[in-house]
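Atoms within each ligand, like the ligands themselves, are counted from 1 in listed order. These numbers come from the heavy atoms of this one structure, side chains and all, not from hydrogens, waters or symmetry mates.
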Amino acid sequence: MTTLLNDPVTRTQAYFAGAWRRTPASFDVIHPGSGQAIGAVADCTPEDARQAITAAETALKEWRQVNPYRRGLILRRWHDLLFAHKEELARLMTLEMGKPITETRGEVHYAASFIEWCAEEAGRISGERVNMRFDHKRGLTRSEPVGVVYAVTPWNFPAGMITRKAAPALAAGCVMILKPAEQSPMTALYLAELWLEAGGPANTLQVLPTSDAAALTAPFMEDERVRKVTFTGSTAVGRQLYRQAANTIKRVSLELGGHAPFLVFEDADLDKAAREVVGSKFRNAGQTCISTNRVYVQRAVAGTFTGILTRLTAQLQLGDPLLDTTNVGPVVEQAGLDKIQAQVQDALSRGATATVGGHVQSGLYFQPTVLTEVAPGSLILREETFGPVAPVVVFETEEEALRLANDSEYGLAAYAYTRDLSRAWRVAEALEYGIVGINDGVPSAAAPHVPFGGMKNSGVGREGGRWGLEEYLETKFISMGIE
Ligand code: SIN
């Protein structure tokens with residue numbers, strides 16, 4: 001086995017308080033494809049966090065005064081550098097968290113698209129003239145940066161989930177301190193390096209990896225100078241951050257768990273619907289917040305649809321994520337695999353059938369799986385799976401399909417396939433989800449300009465486009481009396 005340790009693309013030093021730093025302690029980053037360590041990353045402490053906040057406060061004073069067009073130019077250079085380093089970034093993401101290399105190449109484009117959109121939009125951040133009811137007054141609004149932002153990002157999109165937060169924050173004139181996921185800190189460090197190379201001023205984007213997320217996070221949540229927290233991750237951690245943010249009334253954006261239903265009506269294009277379930281369910285081995293988690297198919301077409309879905313799933317190549325031929329790689333870690341196995345075992349024990357897959361192949365590789373006859377009450381119909389398993393449930397009527405789809409604590413993404421235009425509208429309006437794909441299994445693809453976020457326990461706020469930018473702006477109202 002060739003060694004992946006200290007591969008040239010790896011990055012290990014933290015960046016805060018104006019310098020790249022080693023810390024007394026470090027922690028290993030593991031390649032899920034082989035279980036090998038790829039390097040040991042700086043392990044930052046609460047004291048490092050306090051230094052970062054002070055450095056951010058100073059950096060903010062200048063960055064917020066930089067002409068927004070100039071901020072846009074720096075963002076544009078950052079975007080270009082991501083493309084100049086596309087292969088290195090893609091390899092690094094695959095090494096860190098096991099996503100197939102063809103997908104991580106796509107993620108570089110996805111991550112860069114948020115920067116590009118914000119680079120173009122930065123110069124347009126302004127305000128509005130407001131008519132006043134007194135003749136001797138004039139009113140206007142002015143958009144100002146929220147200030148110092150603390151960001152906590154996940155491992156499933158190691159680049160995309162950073163740029164979706166950092167690009168609008170930096171365009172708005174905020175500065176960001178980032179705690180990347182323990183599984184994928186190196187991509188974050190690489191992005192910070194490129195930001196500095198693009199001309200981003202010192203301490204406008206600091207990155208503090210840590211093996212103790214709760215300890216590192218505490219100083220940020222307590223500090224009045226940190227005016228916003230933005231988080232993508234589990235609903236349980238999101239709830240904690242929401243509570244902690246209350247003490248200093250921070251602005252909060254939370255992009256949390258999902259449990260996406262995918263409805264296939266009898267009038268749907270079944271081949272296309274099955275292809276899109278495969279795309280939505282098995283990309284990133286199912287470790288996507290908006291991945292299909294439950295498939296509901298109308299009885300008249302259930303047999304045909306399940307047959308197509310099973311055939312397409314069986315064709316997926318499970319294997320080494322560094323190979324161009326691989327469609328599905330390993331899951332990120334043992335805890336994730338245990339959860340997937342527990343959900344599959346629970347469904348099988350209640351009478352479900354695996355028409356394909358159903359088992360661990362080796363290591364962290366779980367076979368792409370389709371389950372049929374999944375009993376109501378099965379864990380997999382309630383809990384987020386974050387794995388390559390598609391449970392299929394049969395429904396009779398549109399009303400029943402909507403009731404099943406909405407019967408969830410989550411409200412992030414939902415999908416429906418139908419060729420009936422009236423049904424398409426009815427269903428789109430009735431689904432209690434922040435993102436709805438009608439005959440579209442990947443609504444966020446190549447779409448940095450659309451709102452991404454959830455209802456109910458799936459979160460607060462939106463990322464992407466003008467909605468995402470607004471999250472980093474305060475609205476100041478200025479009223480002026482005239483003679
Ligand atoms: C996520 O898992 O939240 C990101 C999915 C996407 O942006 O498509």
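- Between Arg76 and Asp80 there is a salt bridge, since at least one side-chain N of the basic residue sits less than 4.0 Å from a carboxylate O of the acidic one.
- Distance from atom 3 (O) of ligand 1 to its nearest protein heavy atom, with residue and atom name: Glu255 OE1, 2.9 Å.
- A salt bridge between Arg251 and Glu474 is present, with a side-chain N of the basic residue lying under 4.0 Å from a carboxylate O of the acidic one.
- For atom 8 (O) of ligand 1, the nearest protein heavy atom (residue, atom name, distance) is Ser444 OG, 2.6 Å.
- Among Leu371, Val344, Asp346, the single residue meeting the side-chain contact (heavy atoms from CB on, under 4.5 Å) criterion with Ser378 is Asp346.
- Between Trp63 and Trp195, the ring planes are perpendicular. Angles over 60° get that label, and only those under 30° would be called parallel.
- Scanning the protein heavy atoms around atom 7 (O) of ligand 1, the nearest turns out to be Tyr110 OH, 2.6 Å.
- Looking at atom 2 (O) of ligand 1, its nearest protein heavy atom turns out to be Cys289 N, 2.8 Å.
- Using a non-hydrogen distance threshold of 4.0 Å, Gln287 does not register as a contact of ligand 1.
- Only the side chain of Asn156 comes within contact range of ligand 1, with a heavy atom under 4.0 Å; no backbone atom does.
- Rounding to the nearest 0.5 Å gives a distance of 8.0 Å between CD of Glu107 and CG of Asn156.
- Between His109 and Phe83, the two ring planes are perpendicular [angle over 60°; tilted spans 30° to 60°].
- In Arg283, the part holding a heavy atom less than 4.0 Å from any atom of ligand 1 is the side chain.
- In terms of protein heavy-atom proximity, atom 5 (C) of ligand 1 is nearest to Thr288 CG2, 3.5 Å.
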